[in-house]
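Counting starts at 1 for both ligands and their atoms, following the listed order.
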Amino acid sequence: MMTAALAIQDYALLEDADCEARIAAAKAKLGDKVVILGHHYQRNEVFRHADFTGDSLKLSRQAAQSKAEYIVFCGVHFMAEVADILSRPEQVAILPDLAAGCSMADMADLAKVEQCWRELGEVLAVEDRVTPVTYINSAADLKGFCGRHGGIVCTSSNAASILEWSFTRREKVLFFPDQHLGRNTGYRMGIGLDEMVVWEPGKPLGGLTEEQIRSAKIILWQGFCSVHQIFRPEHIDQFLEKYPDARVISHPECSFEVCQKSHYIGSTEAILKIVRDAEPGSRWLVGTELNLVNRLREEMKPKGVDVHFMSPMVCMCSTMFRTDPQHLAWVLENLVEGNVVNRIQVPEETARYAKQALDRMLALG
Ligand code: 13P
Ligand code: SF4
């Protein structure tokens with residue numbers, strides 16, 4: 001039976017401990033009807049309630065396979081959109097706090113990408129020669145754009161195989177929104193820095209010459225992650241000076257200079273796997289979001305593995321942090337009452353094209 005929706009204002013002042021008990025009770029009542037997906041950057045008080053945790057790729061697969069009526073995504077907006085697109089029409093994707101966006105995803109919008117595509121079309125035959133590739137950290141309509149134009153989605157864990165797929169079809173790639181993931185991946189595949197150019201949205205021809213566009217293999221959108229740009233190569237230098245035997249591992253959203261100085265580069269899931277497999281006595285400098293690193297440090301302490309955060313500054317993803325136990329308790333207790341709040345629903349046509357681009361990615365395994 002449905003009752004009037006419970007108001008978020010009544011949850012805002014609840015103590016975390018109260019929320020903890022209420023979340024557990026609501027989950028128990030909902031049983032198989034709900035699945036909670038939690039990204040690795042979520043704070044502990046939320047993360048511990050997730051049925052499945054993972055990086056963007058793993059969680060997309062979970063969303064696609066889930067049988068639950070309600071998919072509560074403790075992550076950011078584009079992730080809940082992906083859950084909606086990949087799940088069945090009768091399933092409901094929920095984002096506990098609608099303000100949990102991704103500042104990088106916001107750096108590319110459809111109008112600007114379409115303008116870029118048009119301008120590229122004045123220089124070369126885009127539809128025959130350029131594959132648009134969007135990082136999963138992007139709005140659904142950009143994934144739809146890629147679906148419509150023979151393009152594809154990638155995540156931080158499959159970017160190399162997605163670029164390989166793209167180059168077997170067309171000779172160039174337009175990669176958005178994260179220039180760093182595009183550059184770091186392209187370089188590791190043997191593409192020279194001089195073959196990758198940066199498109200500055202808002203400038204005619206992205207600030208490039210026709211010749212630069214004709215000779216580029218990858219056209220990188222000028223987007224970045226505000227969290228990962230905090231990590232600097234000098235942080236690595238200072239750490240290695242103090243601990244020459246330490247290992248450095250970074251997320252590919254970090255700058256080229258940081259990735260070049262890192263021993264390993266990987267998605268959040270890969271970072272966890274590599275550090276969890278590390279030898280006792282080893283020391284690690286990790287360049288990714290603070291909540292993940294803090295949790296990993298605590299987990300590895302008893303195993304004799306010493307984990308450090310790369311930046312001297314405390315920086316977390318403020319939008320991931322928006323999902324708090326109060327919002328999680330609020331959406332779950334509403335579900336118990338038969339109310340759906342904060343549903344994320346991608347318009348049908350956008351979803352259809354976005355699904356094509358996502359399915360191409362998922363089919364690559
Ligand atoms: P992954 O978890 O896919 O590595 O991505 C990190 C990220 O920034 C998510 O927004
Ligand atoms: Fe977006 Fe960066 Fe936050 Fe990931 S860490 S959600 S890319 S702002």
Side-chain angles (χ1 to χ4, degrees), residues 37-43 46-47 50 52-63 73-83 86 95-109 133-140 142-143 153-162 175-182 184-185 221-231 249-255 258-259 262 264-275 286-296 309-311 313-323 358 361-362:
L37 304 182
H39 187 266
H40 292 305
Y41 294 165
Q42 291 291 300
R43 51 167 99 188
V46 168
F47 191 80
F52 297 99
T53 60
D55 62 5
S56 310
L57 182 62
K58 195 170 158 194
L59 292 177
S60 311
R61 290 193 189 282
Q62 281 299 344
F73 216 125
C74 297
V76 286
H77 192 268
F78 72 81
M79 295 179 176
E81 281 186 334
V82 169
L86 293 179
L95 183 67
D97 185 342
L98 293 181
C102 164
S103 54
M104 174 207 282
D106 294 343
M107 287 177 192
D109 64 45
V133 178
T134 187
Y135 189 21
I136 196 163
N137 296 37
S138 57
L142 288 188
K143 296 183 178 82
V153 177
C154 78
T155 75
S156 58
S157 52
N158 61 17
S161 49
I162 298 296
F175 192 96
F176 47 87
D178 187 20
Q179 58 173 304
H180 298 300
L181 176 64
N184 288 323
T185 310
W221 195 262
Q222 198 190 34
F224 60 88
C225 166
S226 50
V227 178
H228 289 86
Q229 70 158 359
I230 305 276
F231 306 120
I249 186 162
S250 301
H251 194 277
E253 288 174 14
C254 293
S255 71
V258 165
C259 287
S262 301
Y264 304 89
I265 302 169
S267 75
T268 54
E269 192 71 20
I271 290 173
L272 289 172
K273 179 166 178 10
I274 291 168
V275 178
V286 183
T288 196
E289 207 268 346
L290 186 62
N291 281 288
L292 179 155
V293 180
N294 279 344
R295 227 172 359 250
L296 188 58
F309 185 56
M310 192 177 282
S311 168
M313 283 192 297
V314 173
C315 57
M316 31 190 146
C317 176
S318 56
T319 50
M320 285 277 184
F321 196 69
R322 290 200 72 102
T323 303
L358 282 161
M361 171 183 84
L362 294 173

Atoms of ligand 1, numbered as shown, that sit under 4.0 Å from any heavy atom of Ser267 | 4 (O)

Look only at the side chain of Asn158 and the backbone of Thr155, and say whether a donor-acceptor pair between them is shorter than 3.5 Å.
-> yes

Looking only at heavy atoms, is any part of His40 under 4.0 Å from ligand 1, and if so is it the side chain, the backbone, or both, or is it neither?
-> neither

Answer yes or no: does an N/O atom from Glu253 fall short of 3.5 Å to an N/O atom of ligand 1?
-> yes

Answer yes or no for Met104: is there a heavy-atom contact with ligand 1 below 4.0 Å?
-> no

So do Ile162 and Thr185 actually touch side chain to side chain, heavy atoms under 4.5 Å?
-> no

Any sub-3.5 Å donor-acceptor pair from Glu253's side-chain atoms to Cys225's backbone N or O?
-> no

For ligand 1, note which part of Asp55 has a heavy atom under 4.0 Å away: side chain, backbone, both or neither.
-> both

First locate atom CG of Asp55, then atom CD1 of Ile136, and finally report the distance between them rounded to the nearest 0.5 Å.
-> 9.0 Å

Pairing residues for Phe52 by the ring pair (Phe, Tyr, Trp, His ring centres under 6.0 Å) criterion, not counting sequence neighbours = none

For Glu253, take its heavy atoms, then give the atoms of ligand 2 lying under 4.0 Å from any of them.
-> 2 (Fe), 7 (S)

Is there a nitrogen or oxygen of Thr268 sitting under 3.5 Å from a nitrogen or oxygen of ligand 1?
-> yes

Hey, does Ser56 come in under 3.5 Å of ligand 1, counting only N/O atoms on both sides?
-> yes

Give a yes or no on whether the backbone of Thr134 and the side-chain of Trp221 come within a donor-acceptor separation of less than 3.5 Å.
-> no

Proximity to ligand 1 by part of Glu269, non-hydrogen separation under 4.0 Å = neither

Close-contact set for ligand 1 against Tyr41 heavy atoms, below 4.0 Å | 6 (C), 7 (C), 8 (O)

Okay, side chain of Asn184, backbone of Pro252: is any donor-acceptor separation there less than 3.5 Å?
-> yes

Applying ring pair (Phe, Tyr, Trp, His ring centres under 6.0 Å) to Phe321 and not counting sequence neighbours gives none

With a cut-off of 2.8 Å, which protein N/O/S atoms are close to atom 3 (Fe) of ligand 2, if we only count those under it?
-> Cys317 SG

When distances are taken from atom 6 (C) of ligand 1, the protein heavy atom at minimum range is His251 NE2, 3.4 Å

Do Ser226 and Ser103 have side-chain atoms, one donor and one acceptor, less than 3.5 Å apart?
-> yes

Looking at ligand 1, does any of its N/O atoms fall within less than 3.5 Å of an N/O of Asn137?
-> yes

Could you give the distance from CE (Met107) to CG (Asn137), rounded to the nearest 0.5 Å?
-> 11.0 Å

List for me each residue that meets ring pair (Phe, Tyr, Trp, His ring centres under 6.0 Å) alongside Tyr41, sequence neighbours excluded, and say none if there are none.
-> His39

Anything under 30° is parallel, anything over 60° is perpendicular, the rest tilted; go ahead and classify His251 against His228.
-> tilted

Measure the distances from the heavy atoms of Met79 to every atom of ligand 1 and state whether one is below 4.0 angstrom.
-> yes

